[in-house]
Amino acid sequence: MLCLPGARRRVVGCVMTAGAPPGRVVRLRAMDDDLELRTFRVGEIRAELRELRIRDDLEGMLEGTPYLHRRFRILQLEKRLAKSQGLYVHDLDRIRADAAARVDTWLPRARVEARLSAPWLPDGVVEDGHTELSVVWFQQPGADPFGRLAEILRPLDWTALARFEADFD
């Protein structure tokens, strides 16, 4: 199980919501009101990590080639990008270029997806709510996803990428 240290004193609550590693899914919940979730800087915005999923990207694949694997992932990710705002795929242009060049090495096996939220609201929004951003990237199994997420997020523009989510009371 993967658990996050809290921003202040204790460990943030962790709940395993999927099968055994590497297909682990962790949902994060603060254990009390004075404990914050893990926060990251996205440009000038401070965002809280709400969910982190690490999946074996080759799970269920019976056969194939690195080229076909990349093409399939590109098609899946482009379909998701077209359907929804608030999704950023790190290094998608590099993955496309590698597929076009028919690079004969596999993508890193771990596909990681993080969901973050922030209280920042777009101009003109009067409803109660927050903004969310999901980030997808590939990395080697066992590598630190939190350090990598911080590197990926630092130069991004939250205001251009995040989507507004209304609060329903």
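The analysis underlying the following values was restricted to heavy atoms, covering all of them including side chains, and did not include hydrogens, waters or symmetry mates.
- In this structure, CG on L153 lies 6.0 Å from CG on L156, to the nearest 0.5 angstrom.
- Partners of R71 according to the side-chain hydrogen bond (donor to acceptor under 3.5 Å, both in side chains) rule, which considers only residues two or more places apart in sequence or in another chain, do not exist here.
- Side-chain contact between T39 and L49 is absent, with no heavy-atom pair separated by less than 4.5 Å.
- With sequence neighbours excluded, the residues that form a side-chain hydrogen bond (donor to acceptor under 3.5 Å, both in side chains) with R96 are E78, D93.
- With sequence neighbours excluded, the residues that form a side-chain hydrogen bond (donor to acceptor under 3.5 Å, both in side chains) with S117 are R50.
- With sequence neighbours excluded, the residues satisfying salt bridge (charged side-chain N to carboxylate O under 4.0 Å, His left out) with E132 are R115, R163.
- Considering every non-hydrogen atom in both V42 and A47, the closest pair reads CG2-CB, 4.1 Å.
- Take D157 and apply the salt bridge (charged side-chain N to carboxylate O under 4.0 Å, His left out) test, not counting sequence neighbours, and it matches no residue.
- For the atom pair CG (L116) and CZ (R46), the distance works out to 12.5 Å, reported to the nearest 0.5 Å.
- Shown here is D104, whose CG atom has no more than 12 heavy atoms of other residues, nucleotides or ligands within 6.0 Å.
- Inter-residue side-chain proximity for W137 and D91 is flagged as unmet; no heavy-atom pair is nearer than 4.5 Å.
- Considering CG of L133 and CD1 of I45, their distance stands at 11.0 Å, rounded to 0.5 Å.
- Looking at residues two or more places apart in sequence or on another chain, you find no side chain to side chain contact (heavy atoms under 4.5 Å, CB included) involving A100.
- Of all heavy-atom pairs between R41 and E44, the closest is NH1-O, 3.4 Å.
- The two residues A114 and L149 have their closest heavy-atom pair at CB-CD2, 3.9 Å.
- Between L52 and P145, some side-chain heavy-atom pair lies under the 4.5 Å cut-off.
- Residues E113 and S134 share a closest heavy-atom pair of OE2-CB, 3.9 Å.
- Sorted by first and then second residue, the ring pair (Phe, Tyr, Trp, His ring centres under 6.0 Å) pairs involving residues 68-110 (not counting sequence neighbours) are H69-W106.
- Inter-residue side-chain proximity for R111 and Q139 is flagged as unmet; no heavy-atom pair is nearer than 4.5 Å.
- Residues R148 and V112 form no side-chain contact, since every pair of their non-hydrogen atoms from C-beta on lies 4.5 Å or further apart.
- The structure places CH2 of W120 at 13.0 Å from NE2 of H130, a figure rounded to the nearest 0.5 Å.
- Contact detail for Q85 and A162: the closest heavy-atom pair is NE2-O, 3.4 Å.
- There is a side-chain donor-acceptor pair under 3.5 Å between T131 and W158.
- Counting Ile, Leu, Val, Met, Phe, Trp and Tyr side chains that sit under 4.5 Å apart, directly or through other members, F164 shares a hydrophobic cluster with L121, V125.
- Partners of R70 according to the salt bridge (charged side-chain N to carboxylate O under 4.0 Å, His left out) rule, which considers only residues two or more places apart in sequence or in another chain, are D98.
- Listed by chain and number, the hydrophobic cluster partners of L87 are I74, L77, L81, V89, L92, I95, L107, V136, F138, where partners are ILVMFWY side chains within reach of under 4.5 Å, directly or through others.
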